[in-house]
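Below: the structure, in structure tokens.
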Amino acid sequence: CQPHWQGWEREAMLEKALTPTPPCPWQVYGTVMTINQGNPAAQEVLVDSWPEFKVVLTRPRREVALDDSDLYTNTYTVYYRDIGAYRALLASAGAVNWGQSFRILGNLCPKASGRGSQQLNIYVLSGPNLGSHPTKPSLSPLLDPAMRLSSLDVSHTDLLNETWSFGGNEKSRKYLAILIRHFPSICLLDAAGHPVSWIASYPFGAMGPAYTLHEHRQRGYMAMLGNLLAKRLHALGYPSYGYVDVENYPMQRVQESQGFQCLVPLQRTPSRASLTQ
């Protein structure tokens, strides 16, 4: 298999060839969309052949994937129609940096990870009408008049890093700062201008990370913010979907209350322990 690298003109054609509905994984579609909208996360696309293709693989550019242990930056997405073609592309020279720890999101696929061995299942939630925003209206909670809606700011990075279940280290801090700078987010600020509830989004168009401070829970903030961010992403052309920890039952209930449906786990992602090794 001789991989074919994409230029911006072909990536625009590829976006039209893909659709944000099964069997194409939303991670691949979202990443290709992000590339075509300025590529702030410095991703690139690889296909097994062109214009007829059986595999689409996105990966970070070499100039940003400099840390062999950075599982946040070293994230690939894949869509394949033929498992043999997918395996051949993975085995082709230069397609994947096997000397790094990395993760691949997309189709159910052969285990393909680097040195990180500890993993955690993640649920993928998608809207009932694929590619649409939530169909159930969000009931606006009664807000303190001093509270206001805003987007996250880079000054909030440390707070997100302390509260994210996959955070708590310098690599996650750098990754979260990129999400805040370059991708849609929404938060609720208190009277002092501090976030009390928030949702960011990933380079592949998914919602998350999300969190509400303990003293502000059970007030409907997360449902409201999730609905607003899903509509914002949908307006940009992204499908409405997100990730929720399999043990985060409150967040799963919030998503389901908004009309999202839980699919079987589509991929595995490293646990916090392996990320800090």
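Residue indices begin at 1 and follow the sequence shown.
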If you round to the nearest 0.5 Å, how far is [atom2] of [Y] from [atom1] of [X]?
X    : Y    : atom1 : atom2 : value
L229 : L233 : CG    : CG    : 4.5 Å
N227 : R232 : CG    : CZ    : 12.0 Å
K231 : I186 : NZ    : CD1   : 11.0 Å
S185 : L179 : OG    : CG    : 9.5 Å
E15  : Q37  : CD    : CD    : 7.0 Å

State whether the side chain of [X] and the backbone N or O of [Y] hold a donor-acceptor pair below 3.5 Å, judged by distance alone.
X    : Y    : value
S92  : A95  : no
D48  : V56  : no
N161 : T157 : no
D70  : N74  : no
D153 : H156 : no
Q100 : A65  : yes
R59  : T75  : no

Please name the pair of heavy atoms, one in [X] and one in [Y], separated by the smallest distance, quoted to 0.1 Å.
X    : Y    : result
R62  : G94  : NH2-O, 2.9 Å
Y175 : R103 : OH-NH2, 4.1 Å
C187 : L189 : SG-CD2, 3.6 Å
P209 : L176 : CG-CD2, 3.8 Å
F183 : I178 : CD1-O, 3.9 Å
V154 : R181 : CG1-CG, 3.2 Å

*Test side chain to side chain contact (heavy atoms under 4.5 Å, CB included) applied to L225 and L149, step by step*: CA-CA 9 Å; L225 295 181; L149 291 169; 3.6 Å; yes
*Please determine if R81 forms a cation-pi arrangement with F53, meaning its NZ or CZ atom is less than 6.0 Å from the six-membered ring centre and no more than 45° off the ring axis.*
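Relative to the ring axis of F53, which defines the angle, R81 lies inside both limits.
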[X] with [Y], same ILVMFWY side-chain cluster at under 4.5 Å:
X   : Y    : value
W98 : I104 : yes
V64 : L57  : no
L66 : V96  : no

*Once the angle between the rings of W164 and Y72 is folded into 0 to 90°, is it parallel (under 30°), tilted (30 to 60°) or perpendicular (over 60°)?*
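Ring orientation of W164 relative to Y72: tilted.
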Within-4.5 Å side-chain heavy-atom neighbours: [X] and [Y]:
X    : Y    : value
H234 : Y238 : no
L105 : V78  : no
W26  : V28  : no
P40  : T34  : yes
L14  : N36  : no
Y79  : K54  : no
H216 : Y221 : yes
D67  : T73  : no

Can you list everything that forms a side chain to side chain donor-acceptor pair (under 3.5 Å) with [X]? Sequence neighbours excluded, please.
X    : value
R253 : none
D158 : R173
T163 : none
T58  : T77

Please tabulate, one pair per line, all N/O donor-acceptor pairs under 3.5 Å involving side-chain atoms of residues 195-204, not counting sequence neighbours.
from, atom 1, to, atom 2, distance (Å)
S197, OG, T212, OG1, 2.7
S201, OG, P184, O, 2.6

_Run I35 and V45 through side chain to side chain contact (heavy atoms under 4.5 Å, CB included) and show every step you take._
CA-CA 9 Å; I35 292 173; V45 181; 3.5 Å; yes
Whether over 12 other heavy atoms sit under 6.0 Å from [X] [atom1]:
X    : atom1 : value
Q218 : CD    : no
E52  : CD    : no
R217 : CZ    : yes

*Not counting sequence neighbours, which residues clear side chain to side chain contact (heavy atoms under 4.5 Å, CB included) with A146? List them please.*
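Per chain and number, A146 pairs via side chain to side chain contact (heavy atoms under 4.5 Å, CB included) with D144, A191.
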*Could you go step by step and tell me if R87 and Y80 meet the side chain to side chain contact (heavy atoms under 4.5 Å, CB included) rule?*
CA-CA 10 Å; R87 287 171 171 160; Y80 62 86; over 6 Å; no
*Going through the distances and angles, do W50 and M13 end up as a side chain to side chain contact (heavy atoms under 4.5 Å, CB included)?*
CA-CA 11 Å; W50 187 262; M13 295 171 63; 4.1 Å; yes
